[in-house]
Amino acid sequence: QVQLVESGGGLVQAGGSLRLSCVVSGRTFSNYAMGWFRQSPGKEREFVAGISWRGSTTLYVDSVKGRFTISRDNVKNMVYLQMNSLKPADTADYYCAADRSGVVRKASSLYDYWGQGTQVTVSS
């Protein structure tokens with residue numbers, strides 16, 4: 001059984017920073033590609049960032065490029081999303097997801113396991 005638990009969300013002013021963390025249970029974490037998605041009320045879930053199983057490939061949605069950084073620690077079974085220069089438009093519930101293919105992909109339907117989400121609110 002693979003479980004994902006996110007943490008690190010909260011309320012921050014525009015221009016501030018947050019670091020989201022996701023701990024993954026299971027012995028094969030290092031084989032998974034990992035992704036961060038977000039969803040705000042009335043909108044579809046959106047890909048934010050992804051990282052391949054070795055960490056050699058990362059992918060970002062255009063709106064966060066240069067502001068967000070995804071990283072992983074395969075020893076600790078952790079994946080992180082460092083979010084800088086936050087904007088009110090970044091307000092959403094953020095979800096961590098795991099993809100057994102190991103290849104970073106944008107489509108949420110391709111991910112096999114999901115966390116429960118952590119809320120990020122950016123005030124103007």
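The figures here come from the full heavy-atom set of this structure, side chains too, leaving out hydrogens, waters and symmetry mates.
At a threshold of 4.5 Å between side-chain heavy atoms, the hydrophobic network of Ile, Leu, Val, Met, Phe, Trp and Tyr places Y60 and V79 in one connected group. Hydrophobic clustering places V24 together with I70 (ILVMFWY residues linked when any side-chain heavy atoms are closer than 4.5 Å, directly or through intermediates).
No side-chain heavy atom of V104 sits under 4.5 Å from any side-chain heavy atom of I51.
No hydrogens or angles considered: a donor-acceptor pair under 3.5 Å links the side chains of Y94 and R38.
Residues Q39 and K43 share a closest heavy-atom pair of NE2-O, 3.1 Å. What you find for F47 and V61 is that their closest heavy atoms are O-CB, 3.4 Å. Minimum heavy-atom separation, Q82 to S17: NE2-CB, 4.0 Å. Here the closest non-hydrogen pair linking V2 and Y32 is CG2-OH, 3.4 Å. Considering every non-hydrogen atom in both D73 and Y80, the closest pair reads CB-CE1, 4.3 Å. When every heavy atom of Y95 is checked against every heavy atom of G115, the shortest pair comes out as CD2-O, 3.6 Å.
Not one N or O on the side chain of R105 forms a donor-acceptor pair closer than 3.5 Å with the backbone of G35. E6 contributes a side-chain N or O that, together with a main-chain N or O of Q116, makes up a donor-acceptor pair within less than 3.5 Å. With N74 contributing its side chain and W53 its backbone, the two residues share a donor-acceptor pair below 3.5 Å. With hydrogens and angles disregarded, no donor-acceptor distance shorter than 3.5 Å links the side chain of T91 to the backbone of T121. A donor-acceptor contact shorter than 3.5 Å is absent between the side chain of S40 and the backbone of A92.
Under the 4.0 Å criterion applied to side-chain N and carboxylate O atoms, D90 and R67 are assigned as salt-bridge partners.
Between M83 and the choices V12, V120, V122, T69, the side-chain contact (heavy atoms from CB on, under 4.5 Å) rule is met once, by V120. For the pairing with Y113, the side-chain contact (heavy atoms from CB on, under 4.5 Å) check across Q3, M34, R100 returns one residue only, R100.
One distance of note links OG of S25 with CG of N77; it measures 8.0 Å at 0.5 Å rounding. With values rounded to the nearest 0.5 angstrom, L86 atom CG is found 10.0 Å from S123 atom OG. The distance from atom NZ of K106 to atom CZ of F37, rounded to the nearest 0.5 Å, is 10.5 Å. Atom OG1 in T58 sits 9.5 Å away from atom NZ in K65 (nearest 0.5 Å). One finds the OG atom of S63 at 5.0 Å from the CD atom of E46 (value rounded to the nearest 0.5 Å). Going from atom OG of S52 over to atom CG of L59 covers 10.0 Å, rounded to the nearest 0.5 Å.
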Would you sort out whether W36 and F68 count as a ring pair (Phe, Tyr, Trp, His ring centres under 6.0 Å), showing the intermediate values? CA-CA 11 Å; W36 285 97; F68 290 11; over 10 Å; no
Take D93 and T118, measure what side chain to side chain contact (heavy atoms under 4.5 Å, CB included) needs, and give me the verdict at the end. CA-CA 5 Å; D93 292 326; T118 185; over 6 Å; no
